[in-house]
Structure formats: C-alpha cells, structure tokens
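The first residue of the sequence shown is numbered 1, and numbering continues consecutively from there.
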Amino acid sequence: MYTPSQPRQGSTELTQSELMEAIARRFYFDDVSKMQIGNEFGISRFRVARLLEKARAIGMVRIEISNVGVNIDELAQLLARHLHLDHVCLVEANRNVVTERDTLARQAAKYLSTNIRPNDRIGFSWGRTLMPIARYLGPLPPSEFVQITGVIGDDPSKSPITLIGQISQQSGVEGRMLIAPLFSSSAETAKVQRKEPAVARVLELFDDIDIAVLSVGAWDSRVTQLEQVLPQSDIEVLDQRGAVADSTGVFFDADGNYLNLSLNDRRISITVEQILKVPNVLMVAGGTQKTEAIHAVCRSGIPTALVTTAEVAQELLSLPAISKGKYR
C-alpha cells in the first residue's frame, strides 16, 4: 500500500492536494485500479476518477508520448499495434464537444465509404457521436443498414431509428429498424417483445452482419446515456461489479470482461456472441473521460477498428498494451 508523505504537523488528514498526489502515484506509477485505490483511501472510485481528472487539469499529472515528432498517422499506427486493432483513424481533439463529435462522425463516414462493399449488411448502434454520420455518407453501394440496439428515451434526435432513416434516405440503401426499447421493464416483457414479428425479423439479421458501428459509454465516469434510464437497483449492481464501459447495452469491467447481469435478460440488442462474429467492428468514441472505457472494450476483443482523437490516443498509449482480446 502506498504510504503518503507525512501530513503537516497537527493535521490528521491529507489535504486535497496531498490526496490527489498520493492517488495519482498509485494509479500512474503503481498501476492500481480506481476501485482498489478508493478502498485504500476510504473514498468512492468516482471521487478517485474526479481527482485524477483534476490532477491532469491543473498540471500535477502530465502524460507525454516519448516518440517526439510523431505525426497523427504514425500515432494511429502506434495505437493500432498497442490495442491489437486492424485499423485506427485519428482526428484532432476539440474543446467544443459538439464539434468534436462532428469531426469523429465525418472520419467514421469516410471509413465506411471506403469499406462497404455491394450487398454488405451494416449494423448500427446508437449514441450522440454516431448521429452525425448520416450527414457525411454519400451514395453507397447497394447495402442494408440494420439497427442493432433498441431505443433509449424518447428524444428522436438521439434515436437509432432516426439515424437509420437518415442514412437510408441520403445514401440510397435499405434500412431495417428495431422498434423496441433497449431495456424492457422485465425479462418477461423483453421475451414477448422479441417474439413480435417486426422485431423478430430484425433480430434474425444480427447473425449475418458484415460491418458493425458502435459507440462507447464511460460508466465509471458517468459519460453515458444509460444511467438516466436504469433503475437505482441496476446502477448499484453495476457499480458493485466494477462496470467501466457500456456498448450496445452490454457492460464491461476494466479487464474487458463482459458482465453477466440479470439486466441482460431485459436487453433487446445484438448479443456478445453475435457481435464477435462480425469481421469488421468499428468503434467511434472521443473525450479523455472515455479513455478507460475505450481501453476496456478493446481488451474484450470486440472492436477491430477505432476512430478517436489524438488526445485520447496519447492517453491510451499510457495504458497497458493489448496482445489479444478476451473473446475474439
């Protein structure tokens, strides 16, 4: 266990600055998880995450890549090898999150335009980063775009149904929409919904996807849309089980393990087994708060390609290299 420097005379507790330094040393030098650090210092792992983020913001922690002069293409190649991916596309980070998502979406659209072949079936997840992709997809070869997750909330601007509809109209391809919630109220309700003819027809398509496009949520730092739709009982279980990332409604811990949870019985989306059969899985995500979530999903072996920012790439290179995915 890390022993911090002696507290100031007369003080029985560390100041916030001393606590921040001690936590940063444990995390970056000793490679200790946020959960373990929280247990050592008697605080939540969410406070650990906030303190680490503040340590970077004030300059207490600076992450640098030793390969001085590496350009963005070389950085992408380094990251692809580091994460055991077939391909990485990088864009410059932007402090305006809307602009950054737009830039990521443009790069993802470019990747798809290059890789889609005639008669391919493309599975699309949901997420704010994926929504602008439709804007940048021009005419495509005859292909089929399939919604591979149910719907979250009631905002059409963030709905995968809207996304598939826009792509279908703008790119002249066929669209298949999954008219169901991502999480049903109960396992019994989800079972009934899966048997609905319109839903069942779409679910059957998941066994034969050529390219899948996924977004990533950072459960550990709560940069995710799922927290607002899950009951408190599920949230507590996810925290206890060490959930770090979510993608397509599937949750992963920091080691890339798929979490086997009761809420999975209520999920209506592509399964882990089905996504692992997809030969080309593109993950699109930016923002340094998602760094560990991206790393966790990469450790699972699910993604084969990644679109992210150069800033996130630098942080990912400071995390352990991946030699082989957990499942693929």
Tell me, do [X] and [Y] make a side-chain contact under 4.5 Å, heavy atoms counted?
{"X": "Lys34", "Y": "Leu52", "value": "yes"}
{"X": "Leu214", "Y": "Ile148", "value": "yes"}
{"X": "Phe124", "Y": "Gln147", "value": "no"}
{"X": "Tyr111", "Y": "Val284", "value": "no"}
{"X": "Asn71", "Y": "Glu74", "value": "yes"}
{"X": "His82", "Y": "Ile322", "value": "no"}
{"X": "Leu263", "Y": "Phe251", "value": "yes"}
{"X": "Leu203", "Y": "Leu178", "value": "yes"}

Provide the closest heavy-atom pair for [X] versus [Y] in the form atom of the first, atom of the second, distance.
{"X": "Asn115", "Y": "Ile211", "value": "O-CD1, 3.9 Å"}
{"X": "Gln225", "Y": "Ile152", "value": "O-CG2, 4.4 Å"}
{"X": "Glu92", "Y": "Ala310", "value": "OE1-CB, 4.3 Å"}

Hey, is the main chain of [Y] close enough, under 3.5 Å, to the side chain of [X] for a donor-acceptor pair?
{"X": "Asp253", "Y": "Gly256", "answer": "yes"}
{"X": "Glu18", "Y": "Thr15", "answer": "yes"}
{"X": "Lys290", "Y": "Ala285", "answer": "no"}

Quick one about Ser184 and Gln193 (side-chain donor to acceptor, distance below 3.5 Å, no hydrogens or angles considered), yes or no?
yes
Is the closest side-chain donor-acceptor distance between Thr224 and Glu227 under 3.5 Å?
no
Do NZ/NE/NH1/NH2 and the carboxylate oxygens of Arg25 and Glu21 come within less than 4.0 Å?
yes
Sidechain N-carboxylate O distance under 4.0 Å for Asp220, Arg45
yes
Check whether more than 12 heavy atoms from other residues, nucleotides or ligands sit under 6.0 Å from atom CZ of Arg117, and answer yes or no.
no
More than 12 heavy atoms from other groups under 6.0 Å of CD on Gln16
no
Is there a path from Leu79 to Ile72 through hydrophobic residues (I, L, V, M, F, W, Y) whose side chains come within less than 4.5 Å of each other?
yes
Sequence neighbours excluded, every pair satisfying salt bridge (charged side-chain N to carboxylate O under 4.0 Å, His left out) that has a member inside residues 80-91
none
Arg101: salt bridge (charged side-chain N to carboxylate O under 4.0 Å, His left out) partners, not counting sequence neighbours
none
